[in-house]
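Inspection log for the structure reproduced underneath, given as structure tokens.
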Amino acid sequence: MLQRIQSIWLLLAAACIFLTMQFSTYVGAHADGVMHMLKGKENILLVIITTMVGIVSLITIFLFKNRKLQLRIVLLALFLELILVFLYYKEISKLESGAFSISALLHVGVVVFLLLAAKGITTDDKLIKDSSRLR
């Protein structure tokens with residue numbers, strides 16, 4: 001349901017994660033001086049986890065009737081994003097020198113949007129429980 005705020009947060013998280021596939025997160029050089037741009041399609045593991053986070057975020061939008069499942073899946077996507085950040089760290093450590101791109105903030109955006117979506121789901125669940133109690 002697109003009227004709920006967590007749907008907007010999940011849509012923004014999915015947009016940010018798919019943009020990381022196109023824009024570089026880190027620009028650095030190997031020991032031999034060859035420049036390298038680290039993107040979301042660097043290796044197969046990064047591609048798989050990035051795609052999983054994006055697809056899970058999009059699918060979760062349509063699970064609005066089952067808030068418990070929706071919250072669990074959002075937390076799973078958050079966990080996968082944290083694994084993805086760790087994998088980026090491992091790839092960056094292979095480079096000799098370099099700097100983060102401005103598009104590295106997209107990963108921060110994904111984490112923030114997923115946390116805001118989880119907060120929205122919990123707020124909805126609390127509101128439904130309170131209104132059921134009043135009946």
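Only heavy atoms go into these numbers, but all of them, side chains included; no hydrogens, no water, no symmetry mates.
The CD atom of Gln6 sits 11.0 Å away from atom OG1 of Thr60, with the distance rounded to the nearest 0.5 Å. Here CD of Gln70 is found 12.5 Å from CD1 of Ile59. Values are rounded to the nearest 0.5 Å. Here the NZ-OG1 distance, from Lys41 to Thr20, works out to 10.5 Å after rounding to the nearest 0.5 Å. To the nearest 0.5 Å, the span separating CG on Leu84 from CD1 on Ile17 amounts to 5.0 Å. In this structure, the separation between CG on Leu116 and CG on Leu12 is 9.5 Å, given to the nearest 0.5 Å. How far CZ of Phe113 is from SG of Cys16: 5.0 Å, rounded to the nearest 0.5 Å.
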key: Worked verdict on Val74 versus Leu78 for side-chain contact (heavy atoms from CB on, under 4.5 Å)   = CA-CA 6 Å; Val74 166; Leu78 185 62; 5.6 Å; no
task = Test Leu10 against Leu114 for side-chain contact (heavy atoms from CB on, under 4.5 Å), laying out the working first.
result = CA-CA 6 Å; Leu10 289 167; Leu114 287 174; 4.0 Å; yes
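Under the 4.5 Å side-chain contact rule for hydrophobic residues, Met52 and Val111 share a cluster. Follow the hydrophobic side-chain contacts under 4.5 Å out from Met37 and you never reach Tyr89; the two are in separate clusters. Under a hydrophobic clustering in which Ile, Leu, Val, Met, Phe, Trp and Tyr are joined whenever their side-chain heavy atoms come within less than 4.5 Å, directly or via other members, Met21 and Val27 fall into different clusters. No continuous path of ILVMFWY side-chain contacts below 4.5 Å connects Leu106 to Val108, so the two sit in separate hydrophobic clusters. Cluster annotation: Leu115 is connected to Phe79 through the hydrophobic network of ILVMFWY side chains, with a link wherever side-chain heavy atoms come within less than 4.5 Å.
The two residues Ala29 and Met35 have their closest heavy-atom pair at CB-SD, 3.9 Å.
Taking the side chain as every heavy atom from C-beta outward, Leu71 and Asp125 never approach each other to under 4.5 Å. Ile61 is listed as a side-chain neighbour of Ser7, based on a closest heavy-atom distance under 4.5 Å. Looking only at side-chain heavy atoms (C-beta outward), Phe18 and Leu58 come within less than 4.5 Å of each other. Contact of the His107 side chain with the Tyr88 side chain is registered, since non-hydrogen atoms from C-beta on lie closer than 4.5 Å.
Through chains of ILVMFWY side-chain contacts below 4.5 Å, Leu63 is grouped with Val56, Leu69, Ile73.
By the 6.0 Å contact criterion, CZ on Arg67 is enclosed, its count of non-hydrogen atoms from other residues, nucleotides or ligands being greater than 12.
Counted by atom type alone, Ser101 and Thr25 present zero donor-acceptor pairs between their side chains at under 3.5 Å.
Partners of Leu87 by side chain to side chain contact (heavy atoms under 4.5 Å, CB included), not counting sequence neighbours, listed by chain and number: Leu45, Leu46, Ile49, Ile83. Checked against ring pair (Phe, Tyr, Trp, His ring centres under 6.0 Å), Tyr26 has the following partners two or more places apart in sequence or in another chain: Phe100.
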